[in-house]
2 protein chains.
Amino acid sequence: MKFEAITIKDIAKVLGLSTSTVSRALRDSYEISPETKEKVLAYAREMNYRPNPIALSLKEKRSSSIGVLVAEIANSFFSQVINGIESVAQENGYNVIIAQSKENHAKEVSALHYLASRSVDGIILSVSSETTDFSVIQQMYEKKMPLVFFDRIVDSIQTHKVTVDNFKGAYDATLHLIKNGYKNIACIANAPQLSITSERVNGYKAALEKSKQRFNPANLVYCNHGGLIYEEVEAAMKQLLKQKQKPDAIIGCADKITTNVMRYAQKKRIAIPTDIALIGFSNLDLTDLLSPSLSVVRQPAGEMGKMAAELLIKMIESKRPVSEFQHAVLPAEIFQRSSSAAKKI
Amino acid sequence: MKFEAITIKDIAKVLGLSTSTVSRALRDSYEISPETKEKVLAYAREMNYRPNPIALSLKEKRSSSIGVLVAEIANSFFSQVINGIESVAQENGYNVIIAQSKENHAKEVSALHYLASRSVDGIILSVSSETTDFSVIQQMYEKKMPLVFFDRIVDSIQTHKVTVDNFKGAYDATLHLIKNGYKNIACIANAPQLSITSERVNGYKAALEKSKQRFNPANLVYCNHGGLIYEEVEAAMKQLLKQKQKPDAIIGCADKITTNVMRYAQKKRIAIPTDIALIGFSNLDLTDLLSPSLSVVRQPAGEMGKMAAELLIKMIESKRPVSEFQHAVLPAEIFQRSSSAAKKI
DNA sequence: TTTATTTACGCAAACGATACCGGGAATGAT
DNA sequence: ATCATTCCCGGTATCGTTTGCGTAAATAAA
């Protein structure tokens with residue numbers, strides 16, 4: 001069952017020409033007579049000829065495809081990023097091959113090998129929350145595979161990176177809670193090894209410090225799967241709430257963490273923001289319709305995807321090895337809604 | 001800037017063998033001596049040799065990649081479907097190339113050409129809400145490109161199809177509203193030319209008829225962009241609410257329609273379900289946390305994607321032309337929540 | 001010892017497109 | 001008439017891999 005396309009050979013045979021002549025006529029070479037050109041072009045158009053990209057890839061040693069590795073496609077942030085990548089890739093004649101790690105390092109490694117074996121021209125990636133060993137990525141980097149990191153970056157590898165200002169996002173969110181009267185703010189963070197985690201946690205701590213609130217280590221809990229598993233968020237909440245001084249506000253450092261905190265609160269009939277306020281990183285479209293409407297730090301995901309794709313394609317198409325790398329830092333947007341409304345005393 | 005992989009030629013040169021011997025050794029052919037095999041395999045393992053898939057594609061006339069065409073990646077239903085497709089594809093050594101139509105027919109056509117020019121071995125697709133002209137799809141079908149439809153199918157093209165029981169989903173949802181005491185139920189549907197639209201609308205009508213409620217044509221409104229644009233849902237709501245006999249319940253036939261109805265109600269301070277009840281098709285994970293919690297008809301999206309991918313791969317790998325096609329119809333799940341709670345009289 | 005058979009490998013073509021190299025024919029110059 | 005130039009076009013190698021065919025050497029059978 002195949003979808004047989006017409007080749008340059010077929011055209012050559014029908015018109016009694018050589019394949020090289022046909023090839024040149026199609027590429028509008030000057031050394032082909034106008035009549036021959038016209039004949040070839042007319043026939044090619046008639047037969048709807050399209051060059052075989054696979055043959056081209058083999059000859060040119062490039063596949064015109066880029067790999068994208070994310071934790072999970074069915075996650076609004078990542079799907080919005082992919083959306084952006086896809087649009088830029090399509091414009092530039094690249095296709096996008098997607099792989100997911102499911103926050104699992106073994107899957108991440110196999111996905112990277114998979115993408116490499118598929119001869120992608122470059123890879124855009126955000127590491128899994130489990131990853132502490134970057135050796136495979138490092139190897140690909142050393143073998144000159146063009147890489148662009150976004151969101152969860154690896155500091156030790158010198159290449160283009162696209163993130164939001166995670167520090168400022170968390171800082172502003174924490175400050176917003178403080179301004180609204182909250183005095184014992186907890187933070188539920190993603191896996192500690194992630195770049196975004198330390199940036200966000202540092203923003204949280206800095207805001208506390210700046211406001212003369214003491215940072216209490218017991219108020220900082222990590223979720224190693226980024227909230228992907230409800231139970232880890234549940235455990236985090238239980239741990240926070242068993243303290244004598246229960247926190248009166250929470251900042252969630254990942255989409256699923258934030259929403260799972262809401263789910264937990266609903267189950268346990270904890271009122272937001274009366275019993276505990278909530279703000280968190282999220283890229284869901286519906287946060288304004290939640291009960292209560294959810295305050296969020298939102299990343300410009302589509303924009304990040306576009307930018308990452310542009311940087312990658314530029315790197316792929318660069319003649320000389322790229323040595324100056326950009327770290328694009330986009331602003332995060334804060335939406336203040338009911339879940340972090342001013343504390344009633 | 002290239003990522004140069006080791007080839008069979010490199011191995012042959014180093015070991016002083018011919019490429020054919022190396023190739024056969026790697027494929028464990030019987031006509032290679034055990035010693036030679038061992039030497040080749042050891043070296044290949046050491047150098048982390050992987051066959052070049054592009055060269056293979058050229059020779060075998062297959063690319064081991066499948067195309068997926070959806071309206072929009074950043075849509076929970078479609079991203080869940082892609083998730084399912086990706087997992088099955090990966091298991092079977094296929095990669096997934098994604099394209100989106102953005103509910104636009106011109107983009108859909110160009111995306112299909114794009115996928116074909118990329119030599120995908122088959123395509124899984126859900127047509128755009130704008131599409132009324134299936135000629136391009138028909139052409140690909142006639143050229144023996146393996147196709148599998150899901151969700152929004154094309155009846156006139158004989159191939160595998162995967163959908164949920166849209167009729168029953170809408171029927172049950174409508175009946176649920178009726179049982180809860182609603183007497184003037186409106187339906188906001190997707191574009192009328194879509195298969196899912198007529199199936200869902202028929203389910204809605206059948207439930208009304210079975211319950212001896214008269215179907216009122218003024219209570220059925222279509223959204224040509226599937227609710228992708230807020231304004232069209234707003235227009236639909238205005239049209240429904242300007243009637244003398246305002247509807248007391250709404251069934252939304254697409255994810256974005258349903259959520260945009262909620263958004264409209266919130267803006268206009270229309271209480272759900274007191275002023276108007278709501279149930280709708282949606283695959284969002286958070287519908288239980290909305291205000292009010294939203295009753296939904298949910299499609300088993302991941303399952304649909306897996307099934308579509310399995311059917312497609314089976315078709316691609318079939319020796320003889322496939323002539324018997326399956327139409328897999330999965331059950332839709334109904335979640336009854338507050339937005340369609342029993343009417344208070 | 002001669003012949004037949006097996007073993008183990010190399011050669012070359014093929015997949016589709018490109019590009020370098022080269023060459024025949026027509027024209028112009030001397 | 002001879003040589004050079006220009007115009008058009010064909011031959012062929014190449015990318016990495018597989019595979020049918022051919023064959024030398026080794027072994028087995030006669």
Side-chain angles (χ1 to χ4, degrees), chain A residues 1-41 43-45 47-65 93 116-121 143, chain B residues 1-41 43-44 47-65 93 116-121:
Chain A
M1 286 288 40
K2 213 57 55 52
F3 172 85
E4 303 269 3
I6 184 171
T7 76
I8 226 168
K9 284 190 190 177
D10 300 329
I11 301 182
K13 196 176 291 172
V14 170
L15 300 182
L17 294 167
S18 76
T19 59
S20 25
T21 304
V22 175
S23 172
R24 271 184 286 239
L26 290 170
R27 322 194 86 245
D28 202 25
S29 161
Y30 66 96
E31 41 182 347
I32 301 296
S33 69
E35 307 87 62
T36 308
K37 250 183 218 173
E38 190 40 52
K39 258 201 305 192
V40 172
L41 284 168
Y43 188 72
R45 215 176 303 120
M47 300 304 286
N48 201 21
Y49 168 81
R50 316 228 164 218
N52 181 326
I54 295 180
L56 241 59
S57 294
L58 182 58
K59 182 138 180 63
E60 306 292 332
K61 296 207 174 201
R62 54 199 302 279
S63 62
S64 289
S65 62
S117 82
R118 283 285 161 199
S119 301
V120 292
D121 294 339
K143 285 193 180 174
Chain B
M1 288 280 43
K2 212 58 52 56
F3 172 86
E4 302 270 2
I6 185 170
T7 74
I8 230 169
K9 284 189 188 177
D10 300 328
I11 301 182
K13 197 175 292 173
V14 169
L15 299 183
L17 294 167
S18 74
T19 58
S20 28
T21 305
V22 175
S23 171
R24 272 184 275 245
L26 290 169
R27 322 196 86 246
D28 202 27
S29 160
Y30 66 96
E31 39 182 346
I32 301 295
S33 71
E35 307 87 62
T36 308
K37 252 183 215 174
E38 189 40 51
K39 259 202 303 191
V40 172
L41 284 168
Y43 187 72
M47 300 303 287
N48 201 20
Y49 167 80
R50 312 214 171 231
N52 181 324
I54 296 181
L56 244 63
S57 295
L58 182 58
K59 185 137 184 64
E60 307 293 332
K61 297 206 174 200
R62 55 199 301 279
S63 62
S64 290
S65 64
S117 83
R118 283 285 161 197
S119 302
V120 293
D121 293 340

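Keep in mind that what you see is a predicted model, and the values were worked out from it rather than measured. Naming: A, B, ... by sequence-line order, numbering from 1 per chain.
Remark: A:S57 is not in phosphate contact with D:dC15, judged by side-chain N or O atoms under 4.0 Å from OP1 or OP2. Contact check, A:Y49 against C:dA17: a side-chain N or O comes under 4.0 Å of OP1 or OP2. In this model, the phosphate group of C:dC15 is not approached by any side-chain N or O of B:R62 to a distance below 4.0 Å at OP1 or OP2. For B:K61 and C:dG16, the shortest distance from a side-chain N or O to OP1 or OP2 is below 4.0 Å. Close to D:dC15, at under 4.0 Å from its OP1 or OP2, lies a side-chain N or O of B:K9.
The separation between A:K59 atom NZ and C:dA17 atom P is 13 Å, rounded to whole Å. The CD1 atom of A:I54 sits 15 Å away from the C1' atom of C:dA14 (whole-angstrom rounding). Rounded to an integer number of Å, the gap from CG of B:N52 to P of C:dG16 is 17 Å. Atom CD of A:E31 and atom P of C:dC21 are 12 Å apart (whole Å). A:L26 has its CG atom 12 Å from the C1' atom of C:dT18, to the nearest Å. The separation between B:I11 atom CD1 and D:dT18 atom P is 11 Å, rounded to whole Å. Taking atom CD of residue A:E60 and atom C1' of nucleotide C:dA19, one finds them 10 Å apart after rounding to whole Å. Here C:dA8 presents its C1' atom at 10 Å from CD of B:E35, a figure rounded to the nearest Å.
Candidate nucleotides D:dT18, C:dC9, D:dC8 were compared by shortest atom distance to the side chain of B:T21, and C:dC9 ranks first. Closest to the side chain of B:L56, out of D:dT17, C:dT18, C:dA17, is D:dT17.
Counting heavy atoms from C-beta on, the side chains of A:I6 and A:N48 never come closer than 4.5 Å. Considering only heavy atoms from C-beta on, B:V40 comes within 4.5 Å of B:L15 through its side chain.
Residues A:R118 and B:S63 share a closest heavy-atom pair of NH1-O, 3.5 Å. Heavy-atom minimum distance, A:T7 versus A:Y49: C-CE1, 3.9 Å.
Each of A:P34 and B:L58 was assigned the nucleotide of DNA chain D with the nearest heavy atom; the assignment lying further toward the 5' end belongs to A:P34.
B:T36 comes within 4.0 angstrom of the backbone, heavy atoms only, and of no base. In this structure, B:S23 reaches the bases: a heavy-atom distance under 4.0 Å links it to at least one base atom across the strands shown. Residue contacts shown for B:L17 are limited to sugar-phosphate atoms, with no base heavy atom under 4.0 Å away.
Side-chain atoms of B:S29 never come within 3.5 Å of backbone atoms of B:I32 as a donor-acceptor pair (strictly under, hydrogens ignored).
The base of C:dC11 lies close enough to the side chain of B:S20 for a donor and an acceptor atom to sit less than 3.5 Å apart. On a pure distance criterion of 3.5 Å, a polar donor-acceptor pair joins the side chain of B:R24 and the base of C:dG10.
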Quiz item: Is there a side-chain contact (heavy atoms from CB on, under 4.5 Å) between A:V22 and A:L26 once you walk through the steps?
Solution: CA-CA 6 Å; A:V22 175; A:L26 290 170; 3.9 Å; yes

